Amino acid sequence: MMERGLQRWIVDISKWDPASLDFSLALSVLPQHEHSSITRFVKLEDRKRALVSRLLQYALVCKVLGIPHNEIIIKRTMEGKPYLECGQVSMDFPNFNFNVSHHGDYVAIASEPLCLVGVDTVCCIKPKIQTVTEFIRNFISCFSTLEWHIILSAGANDEILDAFYRYWCLKEAYVKAIGCGVTYGLDRVEFHHTNWTNIWAKVNGKPMPDCKFWLFELPKKHYVALARVHPKFAVESYKSTMYVSEFDEDEYYTALGLPNIEFSVRTVEQLIPAPPGGDSC
């Protein structure tokens with residue numbers, strides 16, 4: 001039963017070209033307090049990303065937990081980590097949590113029944129003014145000496161930029177899983193891999209056997225990274241939102257060992273709840 005709490009959904013917003021009325025209709029299904037976080041953007045593409053991000057969260061919670069759409073309460077920690085506030089704990093999903101990310105054409109969401117989940121999506125955008133080397137040097141403090149050497153040794157400019165973005169989204173996935181803000185030193189997290197498989201990490205120089213990581217390649221030079229992390233590593237502001245943060249070893253390693261799944265493509269229309277009388281999820 002625990003596997004049902006493990007979800008991976010993704011939306012390609014480039015395939016959604018809403019008229020003004022369609023956008024307003026999609027916005028209207030969200031609670032009023034969510035609207036300003038969407039309408040504050042000027043560009044339509046930014047508004048689409050923000051809207052689809054919220055729609056994914058409500059649709060996934062409704063689908064997995066069966067909570068009616070209009071009864072879902074999603075709040076955020078002071079660092080901006082979204083979490084579900086509800087009155088009861090599902091025995092099947094003792095620490096149900098989710099995370100969402102958007103960049104370029106894709107918006108992704110992932111959920112886990114017990115482990116913390118972090119997801120980060122990147123589009124390999126080429127710098128317009130700076131050279132590739134000049135651009136990535138702006139972020140040198142975010143990488144370990146080993147990672148930086150591997151990035152610069154990747155090959156031509158396209159390969160260097162590709163390696164940079166792969167490492168970047170893995171780091172962001174871990175930071176987002178534990179609920180940390182942008183102040184977290186990304187250089188503290190060092191990733192190791194075999195051709196971007198069998199990915200593992202060190203934090204502050206110590207291997208993290210209680211975590212798992214995956215990197216998926218998407219069309220149009222996008223990547224999405226996924227982190228599965230022990231709840232004990234959550235920052236205090238996020239840990240305080242959990243019903244349970246300590247688990248016995250067998251229970252945790254059962255959850256850690258759940259098979260990862262591919263991202264399932266969703267359309268915006270699938271995220272909008274049916275009218276009253278239909279299937280609310």
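Predicted model, so just to flag it, every value in this text is computed and none were measured.
Remark: Asn204 CG is packed, more than 12 non-hydrogen atoms of other residues, nucleotides or ligands lying under 6.0 Å away. By the neighbour-count criterion of 12 heavy atoms within 6.0 Å, atom CD of Glu249 is sparsely surrounded, having that number or fewer from other residues, nucleotides or ligands. In the displayed structure, Glu269 atom CD is contacted under 6.0 Å by more than 12 heavy atoms of other residues, nucleotides or ligands.
No donor-acceptor distance shorter than 3.5 angstrom exists from the side chain of Glu34 to the backbone of Pro31, with no hydrogens or angles considered. Of the possible polar contacts, none joining the Thr121 side chain to the Val224 backbone as a donor-acceptor pair under 3.5 Å is found. Asn99 places no side-chain N or O within donor-acceptor distance of the main-chain N or O of Ile109, the cut-off being under 3.5 Å.
Every residue two or more places apart in sequence or in another chain that forms a side-chain contact (heavy atoms from CB on, under 4.5 Å) with Trp200 is listed here: His192, Lys202, Pro207. For Glu45, the side-chain hydrogen bond (donor to acceptor under 3.5 Å, both in side chains) partners are Lys48, not counting sequence neighbours. Taking Tyr253 as the reference, nothing meets the ring pair (Phe, Tyr, Trp, His ring centres under 6.0 Å) condition, with sequence neighbours excluded.
For the pair Pro127/Leu161, a side-chain contact is recorded, criterion being any heavy-atom separation below 4.5 Å from C-beta on. Residues Ile72 and Cys62 have side chains in contact (heavy-atom distance under 4.5 Å, counting atoms from C-beta outward). Counting only heavy atoms from C-beta outward, the side chains of Ile10 and Val107 never approach each other to under 4.5 Å. No side-chain heavy atom of Asp12 sits under 4.5 Å from any side-chain heavy atom of Val265. Between Phe98 and Trp9, every side-chain heavy-atom pair lies at or beyond the 4.5 Å cut-off. Side-chain atoms of His149 and Thr145, non-hydrogen and from C-beta on, never get closer than 4.5 Å to each other. For the pair Asp210/Lys232, a side-chain contact is recorded, criterion being any heavy-atom separation below 4.5 Å from C-beta on. No side-chain heavy atom of Cys169 sits less than 4.5 Å from a side-chain heavy atom of His103.
By the 4.0 Å N-to-carboxylate-O rule, Asp46 lies close enough to Arg49 to be salt-bridged with it. Between Glu262 and Arg8 there is no salt bridge, since none of the side-chain N atoms of the basic residue sits less than 4.0 Å from a carboxylate O of the acidic one. Checked for salt-bridge contact, Arg166 and Glu172 miss the test: no charged N lies under 4.0 Å from a carboxylate O.
Rounded to the nearest 0.5 Å, atoms CG (Leu271) and NE2 (His69) are 8.5 Å apart. Between the CD1 atom of Ile136 and the CD atom of Glu134 there is a distance of 10.5 Å, given to the nearest 0.5 Å. Atoms CG and NZ, from Asn157 and Lys126 in turn, are 8.0 Å apart once rounded to the nearest 0.5 Å. To the nearest 0.5 Å, atoms CD1 (Ile261) and CH2 (Trp214) are separated by 10.5 Å. To the nearest 0.5 Å, atom CG of residue Asp105 and atom CG of residue Leu218 are 10.0 Å apart.
Using cut-offs of 30° and 60° for the angle between ring planes, the Tyr174 and Phe213 rings count as tilted. Below 30°, between 30° and 60°, or above 60°: for Trp148 and Phe143 the angle between ring planes is between 30° and 60°, a tilted geometry. Between Phe164 and Phe139, the ring planes are tilted. Angles from 30° to 60° get that label. Ring geometry, Phe96 versus Phe93: the interplanar angle falls from 30° to 60°, so the pair is classed tilted. The aromatic rings of His222 and Tyr106 sit perpendicular to each other, their planes meeting at more than 60°, with 30° as the lower class boundary.
Using a 3.5 Å distance cut-off with no hydrogens or angles, the side chains of Asn95 and Glu112 do not pair a donor with an acceptor. Using a 3.5 Å distance cut-off with no hydrogens or angles, the side chains of Lys220 and Ser14 do pair a donor with an acceptor. Checking Asn195 against Thr197 by side-chain atom types alone, no donor-acceptor pair falls below 3.5 Å.
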Kindly indicate, with the supporting measurements, whether the criterion salt bridge (Lys or Arg N to Asp or Glu O under 4.0 Å) is fulfilled by Lys81 and Glu236. CA-CA 12 Å; Lys81 172 84 170 180; Glu236 286 304 317; over 6 Å; no
Intermediate values then yes/no, salt bridge (Lys or Arg N to Asp or Glu O under 4.0 Å), Lys171 and Asp187: CA-CA 9 Å; Lys171 288 170 177 280; Asp187 61 315; over 6 Å; no
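In plain terms, the two heavy atoms of Pro82 and Arg76 that are nearest each other are CA-CG, 3.8 Å. The minimum heavy-atom distance between Cys180 and Val235, with the atom names listed, is SG-CG1, 3.8 Å.
Side-chain rings of Phe263 and Phe216 approach one another, their centers coming within less than 6.0 Å.
Residues Leu114 and Val119 do not share a hydrophobic cluster, clusters being chains of Ile/Leu/Val/Met/Phe/Trp/Tyr side chains in contact below 4.5 Å. Follow the hydrophobic side-chain contacts under 4.5 Å out from Ile140 and you reach Leu146 in the same cluster.
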